[in-house]
Amino acid sequence: MDAQLPDVAAGRRFYGELFGWTFKDAHGGAVWAHLRGEPVAALAHKTDGRMPTVWTVYFATPDIEGLADRIWAAGGQVVTAPVPVAELGTSALVTDPEGAVFALWEPGRHQGFGRRHEPGAFAWAELYARDTEAANTFYGGLFHDALFGPEARPDFGRAPVADVFPAEMPPHFLVHFGVEDCEAALGTVSRLGGRVQAPPFETSYGKVAVVTDNQGASFAIMERSGW
């Protein structure tokens, strides 16, 4: 996953203090975020001010061209066709039929997360959709083993937009980061200039609050027992 930010240096300060991340230079002015020496995210400069300031979740695939074709055939859109990112891998930006944006990644040298399912790292991605049954059909046809396979550890859920957001909110993915203490993390978010969009609420996968960083990128924090 990565965040497209107007000010990467400000993002380093915000997320470094919130999650304990350290940073290393990456491709094209982006930086890798590391947690205890392992990659957990990237921060990149938003080159077009008309584009939203967002976190984007990437789905890994061994065949990005073929998956992009399948997404198109299933009613989604290919926003940015597959393009190599140096020797790191190949990326593409796509949408589902309702317009929720996500990305694809065919790994080269960069394989993806070095850590997840722990405080300070990726914990969950929730798709807020208008039609969850249609979402199950679309994503289940593309990523069935990852989403529904017997050995897969869940990473991805679907819920109606109106469960958390105003009904007019467009369908979207919300990236969740693990935290030890949700209330303490909310205090840090506010102190660093972020804001709370939705106060803590209980879900089947943990206690969740939705926030924005100090540049407007939305994400969620999740407290779960037994990290």
Side-chain angles (χ1 to χ4, degrees), residues 1-58 79-80 83-86 88-95 99-105 109-110 112-116 118-126 128 164-165 169-170 172-179 182 184-199 208-222:
M1 58 189 174
D2 66 19
Q4 300 286 323
L5 303 173
D7 187 338
V8 171
R12 291 173 61 144
R13 292 190 295 271
F14 181 92
Y15 291 102
E17 184 163 351
L18 179 60
F19 295 130
W21 291 351
T22 58
F23 299 92
K24 293 184 178 179
D25 291 340
H27 175 77
V31 294
W32 300 122
H34 284 218
L35 181 66
R36 294 189 295 280
E38 297 290 341
V40 291
L43 306 180
H45 179 63
K46 184 174 71 171
T47 56
D48 186 341
R50 296 169 296 179
M51 298 296 289
T53 300
V54 293
W55 277 97
T56 301
V57 62
Y58 286 70
V79 179
T80 304
V83 59
V85 183
L88 300 172
T90 303
S91 69
L93 194 67
V94 299
T95 78
V101 176
F102 61 101
L104 309 177
W105 183 255
R109 188 165 57 84
H110 180 60
F113 295 129
R115 293 181 180 273
R116 59 179 178 165
E118 62 181 278
F122 170 85
W124 188 262
E126 188 78 355
Y128 285 98
V164 176
F165 300 98
M169 175 74 77
H172 64 284
F173 277 92
L174 185 66
V175 173
H176 293 51
F177 295 96
V179 296
C182 190
L186 287 177
T188 303
V189 166
S190 296
R191 178 172 56 79
L192 294 173
R195 64 183 181 87
V196 178
Q197 285 184 288
V208 171
V210 183
V211 301
T212 65
D213 67 17
N214 57 346
Q215 299 183 68
S218 295
F219 61 96
I221 54 176
M222 184 172 78

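The structure presented is a predicted model; accordingly, all values stated were derived computationally and were not measured.
Residues F173 and T56 form no side-chain contact, since every pair of their non-hydrogen atoms from C-beta on lies 4.5 Å or further apart. Two residues are said to be in side-chain contact when any heavy atoms from C-beta on lie closer than 4.5 Å; T212 and S218 meet this criterion.
S91 is linked by a side-chain hydrogen bond (donor to acceptor under 3.5 Å, both in side chains) to nothing, counting only residues two or more places apart in sequence or in another chain. With sequence neighbours left out, the side-chain contact (heavy atoms from CB on, under 4.5 Å) criterion links A9 to D7, R13. With sequence neighbours excluded, no residue forms a ring pair (Phe, Tyr, Trp, His ring centres under 6.0 Å) with F23. In this view, H34 satisfies the ring pair (Phe, Tyr, Trp, His ring centres under 6.0 Å) rule with no residue, not counting sequence neighbours. Every residue two or more places apart in sequence or in another chain that forms a side-chain contact (heavy atoms from CB on, under 4.5 Å) with V189 is listed here: F14, L18, V211. Taking the side-chain contact (heavy atoms from CB on, under 4.5 Å) definition, one finds that T95 meets it with Q77, V79, V101, sequence neighbours left out. Partners of F165 by ring pair (Phe, Tyr, Trp, His ring centres under 6.0 Å), not counting sequence neighbours, listed by chain and number: Y128, H172. Legend: residues meeting side-chain contact (heavy atoms from CB on, under 4.5 Å) with A3, ordered by chain and number and at least two apart, are L5, L43, W55.
Summarising the geometry of L93 relative to A103, their closest heavy-atom pair is CD1-CB, 4.1 Å, with the distance given to 0.1 Å. The shortest heavy-atom contact between W105 and L88 is CZ2-O, 3.3 Å. In this structure, P199 and A209 approach most closely via the heavy-atom pair C-CB, 4.2 Å. Across every non-hydrogen atom of V196 and S190, the tightest pair is CG2-OG, 4.4 Å. Closest approach of Q215 and A10 over heavy atoms only: NE2-CB, 3.7 Å. Considering all non-hydrogen atoms of both residues, A185 and V179 come closest at CB-CG1, 3.9 Å.
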Side chain to side chain contact (heavy atoms under 4.5 Å, CB included) between F122 and V40, worked out: CA-CA 7 Å; F122 170 85; V40 291; over 6 Å; no
One pair to check against side chain to side chain contact (heavy atoms under 4.5 Å, CB included): V208 and V164. What are the steps and the verdict? CA-CA 11 Å; V208 171; V164 176; over 6 Å; no
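Side chain of H45 to main chain of A30: no donor-acceptor pair is present (N/O by atom type, distance under 3.5 Å, no hydrogens or angles). Using a distance-only test at 3.5 Å, with no hydrogens or angles considered, no donor-acceptor pair links the side chain of W21 to the main chain of R12. For W124 (side chain) and A220 (main-chain N/O), no donor-acceptor pair under 3.5 Å exists by modelled atom type.
Residue L192 holds its CG atom at 4.5 Å from CD of E17, rounded to the nearest 0.5 Å. Separating the OG1 atom in T22 from the CG atom in L35 is a distance of 8.0 Å, to the nearest 0.5 Å. How far CG of L174 is from CD of E126: 8.0 Å, rounded to the nearest 0.5 Å.
The aromatic rings of F177 and Y15 lie tilted to each other, with the angle between the two planes from 30° to 60°.
Pairs of residues two or more places apart, or lying in two chains, that qualify as salt bridge (Lys or Arg N to Asp or Glu O under 4.0 Å) and include a residue from residues 32-48 are R36-E118, D48-R50.
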